[in-house]
Amino acid sequence: MPYYEDLSPYAYFTETIPPDVSAHAVGWLDPAHPFPQAEPSAEFADRLFALCRDHLCAITHGWYGCMLCRRRLIGGGRFNPVSVSRGGERILVGHGEVRVEGGAGTWLIAPDLVVHYVLAHRYAPPEPFVEAVLAGRVVAGCR
């Protein structure tokens with residue numbers, strides 16, 4: 001998975017971004033780059049988990065593992081999916097994105113691994129992303 005600095009221009013699946021939208025990357029982490037850490041609020045953790053469970057888009061045909069966990073490649077060069085549990089539910093992440101509206105004409109786009117990064121590695125996403133997740137401003141019709 002590529003690394004992007006938080007709130008830098010999103011440059012992954014650019015063909016899925018409408019021309020009138022300014023898209024910014026959130027949570028495209030790499031162990032070579034330090035990232036802010038904090039304990040997430042329970043409300044943010046719950047809503048982020050639900051976002052990653054219910055509003056996945058830009059789904060890929062393969063899986064990305066967590067480079068922070070240093071998961072090893074398995075046969076065929078594929079990563080093991082990452083499992084995330086919350087409130088008795090379990091989801092697999094590492095194969096898509098979540099998108100929220102950061103303001104008029106602005107999208108904040110994170111890999112679905114962001115929920116793992118927040119819960120397992122205490123990644124603290126930028127405040128505009130946290131606020132958009134808490135407000136439930138999901139990009140509609142995302143595929």
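- Within the 4.5 Å cutoff, the side chain of Asp112 has heavy atoms near those of the His95 side chain.
- Within a 6.0 Å radius of CD in Glu5, other residues, nucleotides and ligands contribute 12 heavy atoms or fewer.
- Tyr64 places none of its side-chain heavy atoms less than 4.5 Å from the side chain of Pro81.
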Ile109 and Val98: side-chain contact (heavy atoms from CB on, under 4.5 Å), yes or no, with the steps? CA-CA 6 Å; Ile109 302 175; Val98 291; over 6 Å; no
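- The side-chain heavy atoms of Glu101 and Trp107, taken from C-beta on, include a pair separated by under 4.5 Å.
- Here the CG-SG distance, from Leu92 to Cys52, works out to 12.0 Å after rounding to the nearest 0.5 Å.
- Here the straight-line distance linking atom CG of Asp46 with atom OG of Ser41 works out to 8.5 Å at 0.5 Å rounding.
- Considering every non-hydrogen atom in both Gly27 and Pro111, the closest pair reads O-CG, 3.3 Å.
- For the residue pair Ala110 and Trp28, the shortest heavy atom distance occurs at CA-NE1, 3.9 Å.
- Within the structure, the side chain to side chain donor-acceptor pair (under 3.5 Å) test picks out the following pairs touching residues 119-136 (sequence neighbours left out): Asp6-Tyr123, Glu39-Arg122, His116-His121, Glu131-Arg137.
- Judged purely by distance below 3.5 Å, without hydrogens or angles, the side chains of Ser83 and Arg90 pair a donor atom with an acceptor atom.
- How far CG of Leu113 is from CG of Leu29: 9.0 Å, rounded to the nearest 0.5 Å.
- Ile17 has its side chain within reach of Arg99: a pair of non-hydrogen atoms, C-beta onward, lies under 4.5 Å apart.
- A 4.5 Å side-chain heavy-atom check between Leu119 and Arg86 finds at least one atom pair inside the cut-off.
- For the pair Pro125 and Val130, the tightest heavy-atom approach, listed with the atom from each and the gap, is O-CG2, 3.8 Å.
- Side-chain N or O atoms of Thr16 include one that pairs as donor or acceptor with a backbone N or O of Phe13 at under 3.5 Å.
- Atoms SG and OH, from Cys66 and Tyr117 in turn, are 5.0 Å apart once rounded to the nearest 0.5 Å.
- The shortest side-chain heavy-atom distance between Met67 and Tyr3 does not fall under the 4.5 Å cut-off.
- Residues satisfying the ring pair (Phe, Tyr, Trp, His ring centres under 6.0 Å) criterion with Phe44, sequence neighbours excluded, are absent altogether.
- Between Val26 and Tyr10 the shortest side-chain heavy-atom distance does not fall below 4.5 Å.
- In this structure, the side chains of Tyr12 and Tyr4 come closer than 4.5 Å at one or more pairs of heavy atoms.
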